[in-house]
Amino acid sequence: MRYSKDTEAPSSPETAFHVVKNSKIHGRGVFAARKIPADTRIVEYCGERIDNDTANERGSSDPDNPFHTFFFSLEDGRMIDGGVDGSDARWINHSCDPNCEAREEEGRVFIYSLRDIKRGEELNYDYGLVLEERYTKAVKESYACRCGAVNCRHTMLAPKRRKR
């Protein structure tokens with residue numbers, strides 16, 4: 001487990017809020033190791049800070065899935081590459097009906113619970129990915145969502161805002 005010195009999450013395995021294991025949604029996932037109250041800071045999204053050009057050069061961490069990365073966009077235009085020195089947060093899967101959210105605080109990203117989360121429940125947040133290109137059927141399928149929520153958008157892409 002990796003936490004920065006300023007992160008408020010517990011540091012010992014006995015009191016940690018989360019554990020990483022296989023997910024029914026996709027690959028690895030992060031699960032509540034104990035009950036997590038609403039509005040709790042769970043984990044920091046850590047990794048190497050890079051610019052957009054470096055991210056484009058690196059591309060996917062999975063050659064079989066060119067759209068799979070551990071990049072997290074920051075407000076200043078840079079990104080965190082969770083694939084390099086990343087924390088457990090990189091394994092949190094997307095959901096269209098999330099129980100967590102990511103909050104940027106002074107250039108750092110923390111994952112907070114949106115509601116009380118039961119022990120054993122998978123943690124997830126809405127990735128809300130944004131692409132400049134048109135969202136064609138093929139593009140949406142490239143970013144397919146597997147969350148299974150009743151209100152699933154079937155894509156991890158954020159809805160486009162309609163022009164007036």
Side-chain angles (χ1 to χ4, degrees), residues 1-33 36 39-96 98-114 117 121-133 135 139-147 153 155-160:
M1 213 172 301
R2 180 173 182 248
Y3 296 102
S4 69
K5 64 181 186 297
D6 297 324
T7 303
E8 296 170 5
S11 58
S12 73
E14 297 81 34
T15 59
F17 285 122
H18 71 279
V19 61
V20 176
K21 57 186 183 178
N22 291 334
S23 168
K24 290 180 183 176
I25 295 174
H26 179 252
R28 306 290 280 161
V30 178
F31 295 80
I36 302 173
D39 204 40
T40 297
R41 183 192 288 184
I42 301 168
V43 64
E44 181 175 2
Y45 196 101
C46 296
E48 182 182 9
R49 293 180 181 250
I50 59 175
D51 60 29
N52 200 30
D53 291 338
T54 303
N56 287 333
E57 288 170 13
R58 286 187 185 169
S60 175
S61 57
D62 180 356
D64 295 330
N65 184 352
F67 300 99
H68 185 270
T69 68
F70 292 114
F71 299 149
F72 198 109
S73 298
L74 298 170
E75 291 171 359
D76 69 5
R78 293 181 304 154
M79 294 188 190
I80 298 173
D81 184 351
V84 178
D85 296 325
S87 63
D88 290 345
R90 72 179 181 253
W91 301 114
I92 298 175
N93 281 311
H94 163 86
S95 177
C96 298
N99 56 17
C100 295
E101 69 179 352
R103 298 180 194 167
E104 186 172 339
E105 300 171 358
E106 298 178 13
R108 296 168 65 187
V109 176
F110 298 96
I111 308 302
Y112 282 85
S113 56
L114 288 171
I117 299 173
E121 191 175 343
E122 185 166 2
L123 307 181
N124 48 63
Y125 61 90
D126 187 339
Y127 290 1
L129 301 176
V130 177
L131 300 178
E132 297 301 317
E133 66 192 270
Y135 289 3
V139 168
K140 288 179 184 178
E141 287 174 357
S142 296
Y143 295 93
C145 175
R146 301 178 180 108
C147 76
R153 301 190 296 271
T155 183
M156 293 182 282
L157 298 169
K160 288 264 190 181

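- Scanning all heavy atoms of the two residues, the minimum distance from Ala33 to Ala16 falls at CB-O, 3.5 Å.
- Looking at residues two or more places apart in sequence or on another chain, you find a side chain to side chain contact (heavy atoms under 4.5 Å, CB included) between Lys140 and Tyr135, Thr155, Leu157.
- Note that the CZ atom of Arg146 and the OG atom of Ser95 stand 13.5 Å from one another [nearest 0.5 Å].
- Take Glu48 and apply the side chain to side chain donor-acceptor pair (under 3.5 Å) test, not counting sequence neighbours, and it matches Arg58.
- Take Val20 and apply the side chain to side chain contact (heavy atoms under 4.5 Å, CB included) test, not counting sequence neighbours, and it matches Arg28, Val30, Asp88, Trp91.
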Is there a side-chain contact (heavy atoms from CB on, under 4.5 Å) between Asp85 and Cys46 once you walk through the steps?
CA-CA 7 Å; Asp85 296 325; Cys46 296; over 6 Å; no
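- Distance check: Phe110 CZ to Ser87 OG gives 10.0 Å after rounding to the nearest 0.5 Å.
- In this structure Arg78 satisfies the side chain to side chain contact (heavy atoms under 4.5 Å, CB included) test together with Arg49, Leu74, Asp76, sequence neighbours excluded.
- Considering only heavy atoms from C-beta on, Phe71 comes within 4.5 Å of Ile50 through its side chain.
- The distance from the CG atom of Leu114 to the CG atom of Asp126 is 10.0 Å, given to the nearest 0.5 Å.
- Note that CG of Leu129 and OG of Ser142 are 12.0 Å apart. Values are rounded to the nearest 0.5 Å.
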Is there a side-chain contact (heavy atoms from CB on, under 4.5 Å) between His94 and Cys145? Walk through the geometry before answering.
CA-CA 7 Å; His94 163 86; Cys145 175; 3.3 Å; yes
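- With sequence neighbours left out, the side chain to side chain donor-acceptor pair (under 3.5 Å) criterion links Asn93 to Ser23, Glu122.
- A donor-acceptor pair under 3.5 Å links the side-chain atoms of Ser113 to the main chain of Thr40, judged by distance alone.
- Applying the salt bridge (charged side-chain N to carboxylate O under 4.0 Å, His left out) test to residues at least two apart or on different chains, the pairs with a partner in residues 98-107 are Asp39-Arg103, Arg41-Glu105, Glu101-Arg103.
- Heavy atoms only, all atoms of each residue included: Asp81 and Gly83 are closest at OD1-N, 2.9 Å.
- A distance of 5.5 Å separates CZ of Phe72 from CD1 of Ile111, quoted to the nearest 0.5 Å.
- Taking the centre of each ring, Tyr125 and Tyr127 come in below the 6.0 Å mark.
- Minimum interatomic distance between Cys96 and Cys147 (heavy atoms only, all atoms of both residues): N-SG, 3.5 Å.
- Residues satisfying the side chain to side chain contact (heavy atoms under 4.5 Å, CB included) test with Asn99, not counting sequence neighbours, are Arg115, Ile117, Glu121, Leu123, Asn124.
- Looking at residues two or more places apart in sequence or on another chain, you find no ring pair (Phe, Tyr, Trp, His ring centres under 6.0 Å) involving Phe31.
- Every residue two or more places apart in sequence or in another chain that forms a side chain to side chain donor-acceptor pair (under 3.5 Å) with Asp51 is listed here: Thr54.
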